[in-house]
Peer 1: 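Please read through the structure below; I'll follow up with questions.
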Number of protein chains: 2
Amino acid sequence: MRADARRNYDKLVGAAREVFAAEGGGASMEAVARKAGVGVGTLYRHFPRRIDLVQAVYEDDVEELVETADRAVAELEPWPAVVAFLEAFVRYARTKRTFLNELREAFDKDPALKLRLRERIDEATELVVGRAQRAGAVRPDVEGADLTQLLGPMCTSPTLTDEQSVRLLPMILDGLRTRGDVG
Amino acid sequence: MRADARRNYDKLVGAAREVFAAEGGGASMEAVARKAGVGVGTLYRHFPRRIDLVQAVYEDDVEELVETADRAVAELEPWPAVVAFLEAFVRYARTKRTFLNELREAFDKDPALKLRLRERIDEATELVVGRAQRAGAVRPDVEGADLTQLLGPMCTSPTLTDEQSVRLLPMILDGLRTRGDVG
DNA sequence: TTGAAAAACGGAGGCTACCTCCGTATAGTA
DNA sequence: TACTATACGGAGGTAGCCTCCGTTTTTCAA
């Protein structure tokens with residue numbers, strides 16, 4: 001891939017993320033190209049169908065979430081790493097609401113994609129949570145996948161408000177940590 | 001409402017049902033008008049937004065389902081009435097798959113609609129199932145709403161095949177009926 | 001460093017679907 | 001029957017999707 005192509009690819013994914021977040025997954029391709037500062041031709045060469053763009057944004061988001069997990073484990077103590085990761089997960093999941101339909105369509109068309117990315121997220125969660133469990137900071141009777149299963153649907157539900165998510169995550173974190181544990 | 005307007009309204013809802021079933025909820029308005037044998041102007045006067053048409057089709061389907069329940073109770077013995085109604089429910093729910101996204105959008109915009117129609121369905125189910133329970137044909141430890149809750153998601157799941165739904169409904173019916181009951 | 005091939009860019013333009021508008025047709029009514 | 005309110009239909013304006021191709025940029029061998 002040529003350097004300028006790579007540059008434009010990244011610009012397009014970034015622009016698509018912003019535009020989809022602001023206008024929903026139905027936003028016009030022209031708007032994405034404009035935001036990225038490239039022509040529509042360039043957009044369509046990289047992403048022939050709208051769904052390819054949605055998918056690229058989503059994969060990019062998942063990758064970032066996984067990196068957040070790695071960074072949290074490398075830089076933070078076990079419990080703060082869990083807090084940081086789950087906050088990132090909530091942010092990640094909530095942005096999906098603006099293009100849930102498009103995402104579902106992408107998953108319908110390619111079920112393997114859904115599975116693969118879900119595994120990737122579950123592994124990252126397990127990395128952070130398992131470490132905290134071994135350190136005695138998190139109760140042992142939960143698994144990483146339980147948490148994403150709990151938070152994912154909560155965050156993508158269209159009726160969840162910003163305030164609710166801000167109130168609920170701390171509550172979930174309190175329930176998650178080993179009892180009597182401090183700070 | 002003038003007679004010709006009423007006629008065209010009905011033709012449009014019928015055409016929309018067929019076209020949505022065949023091409024999905026994203027089918028073109030022109031295609032619906034053509035199928036109904038009217039001009040697009042007529043379509044848009046009756047249904048200013050696509051969502052209004054989706055909603056009309058859905059309400060019509062629910063109405064038909066409720067009528068099926070009434071007819072089953074009037075014309076059939078308790079158990080056969082349950083069979084007939086649940087088969088109709090499966091048919092009803094499966095047709096929704098082709099325009100689930102549009103339906104969700106309609107519900108997001110008007111949550112009361114969802115509630116109202118759900119209640120209507122639950123009442124119809126209760127009518128048929130309650131009668132069969134009182135007649136001793138159906139086990140007493142289930143409610144009408146449990147059944148729709150079980151069948152609805154099953155039928156609208158995009159991964160359910162025709163064959164599966166044909167195999168599963170009899171199984172569910174077997175589990176539903178009072179043990180030792182015949183015919 | 002240079003020049004030519006390969007790769008990528010951009011946006012004009014064709015296509016299709018959405019929706020409005022208004023002249024024409026028709027049902028209902030006295 | 002004649003009149004009016006109502007409804008019909010589809011031409012045409014608008015907008016978004018996508019393709020195509022002349023132009024620009026990058027790469028790389030000499």
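Source: prediction; values computed, not measured.
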Peer 1: State, yes or no, whether a side-chain contact exists between A:Leu127 and A:Asp70 at a heavy-atom distance under 4.5 Å.
Peer 2: yes
Peer 1: Between residues 43-54 of chain A and DNA chain D, which residues have a heavy-atom gap below 4.0 Å?
Peer 2: A:Tyr44, A:Arg50
Peer 1: Between A:Lys11 (NZ) and C:dG10 (C1'), how many Å, whole number?
Peer 2: 12 Å
Peer 1: Is the distance from OP1 or OP2 of D:dA7 to the nearest side-chain N or O of B:Thr42 less than 4.0 Å?
Peer 2: no
Peer 1: Please identify which of these residues, A:Gln55, A:Arg50, A:Arg49, meets the side-chain hydrogen bond (donor to acceptor under 3.5 Å, both in side chains) condition with A:Asp52.
Peer 2: A:Arg49
Peer 1: How do B:Val40 and B:Arg7 order along DNA chain C: which one's closest nucleotide is nearer the 5' end?
Peer 2: B:Val40
Peer 1: Under the rule for salt bridge (Lys or Arg N to Asp or Glu O under 4.0 Å), what residues qualify as partners of B:Arg167, not counting sequence neighbours?
Peer 2: none
Peer 1: When the distance from CG of A:Asp4 to P of C:dA6 is rounded to whole Å, what number comes out?
Peer 2: 17 Å
Peer 1: Grab the CZ-C1' distance between B:Arg2 and D:dT6 for me, whole Å please.
Peer 2: 4 Å
Peer 1: Answer yes or no: is there a side-chain heavy-atom contact under 4.5 Å between B:Thr95 and B:Tyr58?
Peer 2: no
Peer 1: Which residues pass the side-chain hydrogen bond (donor to acceptor under 3.5 Å, both in side chains) test with B:Arg94, sequence neighbours left out?
Peer 2: B:Asp162
Peer 1: Which of residues 14-38 of chain A have a heavy atom under 4.0 Å from DNA chain D?
Peer 2: A:Ser28, A:Met29, A:Glu30
Peer 1: Under the ring pair (Phe, Tyr, Trp, His ring centres under 6.0 Å) rule, collect the residues that match up with B:Tyr44, sequence neighbours excluded.
Peer 2: none
Peer 1: Less than 4.0 angstrom between a side-chain N/O of B:Asn8 and OP1 or OP2 of D:dC8, yes or no?
Peer 2: yes
Peer 1: Pair up each side-chain donor or acceptor in residues 25-43 of chain A with any protein partner under 3.5 Å, not counting sequence neighbours, and list the distances.
Peer 2:
{"unit_1": "A:Ser28", "atom_1": "OG", "unit_2": "A:Ala31", "atom_2": "N", "d": "3.0"}
{"unit_1": "A:Lys35", "atom_1": "NZ", "unit_2": "A:Glu18", "atom_2": "OE1", "d": "3.4"}

Peer 1: Could you tell me how the ring of A:Phe99 sits relative to the ring of A:Phe20: parallel (under 30°), tilted (30 to 60°) or perpendicular (over 60°)?
Peer 2: tilted
